[in-house]
Amino acid sequence: MQVFDPHHSSILIDEKTIQNRVRELGAEISAQYPDGVTLVGILTGALYFLVDLSRAISSPIEIDFIGISSYVGTSSSGTVTFTKDLSREIDDRHVLVVEDIVDTGRTISALLTLLKDRNPRSLGICTLLDKPERRIVPVPIHHCGFTIPDQFVVGYGLDYNQAYRNLPYIAVLTPP
Ligand code: 5GP
């Protein structure tokens, strides 16, 4: 694991708090989809969350991933680019999009538009983090781990220029 400079960071959500909340979300999702659900993870930030969440769900699940890119450094490029499509059809399936963080809402909104056209039976959103202060496009969030203030965070899948994803906690990053 990289050395994380404590002068430029502080822990916002520790590992135990994340794991407890992920278990709660897993129970919520199991109750909502007793007959099964397809989890669609947004690469790469939602990877760690999706793996832990999937193990906390007791209903049958399928897992797929979609690649989307919108960030450079600590700021949104404003343009959403699809870099990898789903591997399977989702028509007539209950689909739950699993995201690391909803910020402006542009990414999820563009993804919902794309997925709705593929006729899923239902389409939900589960995000680990929500930064509502920065919302530009309103999006319906069905399951949310934590609401956080307008700060740039890393860890538990979230990166800064591809670094820090493997931190087991969420930290606020203040670039030097
Ligand atoms: P939105 O389209 O909602 O503005 O942004 C969603 C995407 O931006 C997330 O999937 C994530 O990749 C990135 N993002 C937004 N806020 C943060 C943040 O605080 N830290 C990191 N590492 N990525 C963020």
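Note that ligands are numbered from 1 as they come in the structure, with each ligand's atoms numbered from 1 the same way. Hydrogens, waters and symmetry mates play no part in the numbers below; they use all other heavy atoms, side chains included.
- Heavy atoms of Tyr160 come nearer than 4.0 angstrom to ligand 1 in no pair at all.
- Close approach to Thr107 involves these atoms of ligand 1, each under 4.0 Å from a residue heavy atom: 1 (P), 2 (O), 5 (O), 6 (C).
- For atom 20 (N) of ligand 1, the candidate residues are Thr104, Val153, Asp150, Leu43; the nearest heavy-atom contact is made by Val153.
- Counting only residues at least two apart or on different chains, the salt bridge (charged side-chain N to carboxylate O under 4.0 Å, His left out) pairs with a member in residues 57-66 are Glu62-Arg88, Glu62-Arg93.
- At a 4.0 Å cut-off, not a single heavy atom of Gly45 sits close enough to ligand 1 to count as contact.
- For the pair Leu115 and Ile90, the minimum side-chain heavy-atom distance is below 4.5 Å.
- Against a heavy-atom cut-off of under 4.0 Å, Glu99 is close to the following atoms of ligand 1: 9 (C), 10 (O).
- Residue Asp159 holds the heavy atom nearest to atom 22 (N) of ligand 1 of all those in Val154, Asp159, Thr44.
- In Gln151, the CD atom is crowded: over 12 heavy atoms of neighbouring residues, nucleotides or ligands sit closer than 6.0 Å.
- Ligand 1 is approached by Gln151 to a heavy-atom distance shorter than 4.0 Å.
- Of the heavy atoms in Lys131, only side-chain atoms (C-beta onward) come closer than 4.0 Å to ligand 1.
- With a 4.0 Å heavy-atom cut-off, ligand 1 is reached by the side chain of Asp100 but not by its N, CA, C or O.
- Considering all non-hydrogen atoms of both residues, Asp150 and Lys131 come closest at CA-CD, 3.9 Å.
- Atom-to-atom distance recorded for Thr38:OG1 and Leu86:CG is 9.5 Å, nearest 0.5 angstrom.
- Numbered from 1 in the order shown, with element, the atoms of ligand 1 that lie under 4.0 Å from a heavy atom of Arg106 read 2 (O), 3 (O).
- Gln32 and His94 are not linked by any side-chain donor-acceptor pair at a separation below 3.5 angstrom, with hydrogens and angles left out of the test.
- Selection from Leu128, Ile101, Ile68 by nearest heavy atom to atom 11 (C) of ligand 1 gives Ile101.
- We find that Asp91 and Arg118 are not joined by a salt bridge, their nearest charged nitrogen and carboxylate oxygen being 4.0 Å or further apart.
- For ligand 1, none of its N or O atoms has an N or O atom of Val102 under 3.5 Å away.
- Between Arg135 and Asp130, at least one side-chain nitrogen of the basic residue sits less than 4.0 Å from a carboxylate oxygen of the acidic one, meeting the salt-bridge criterion.
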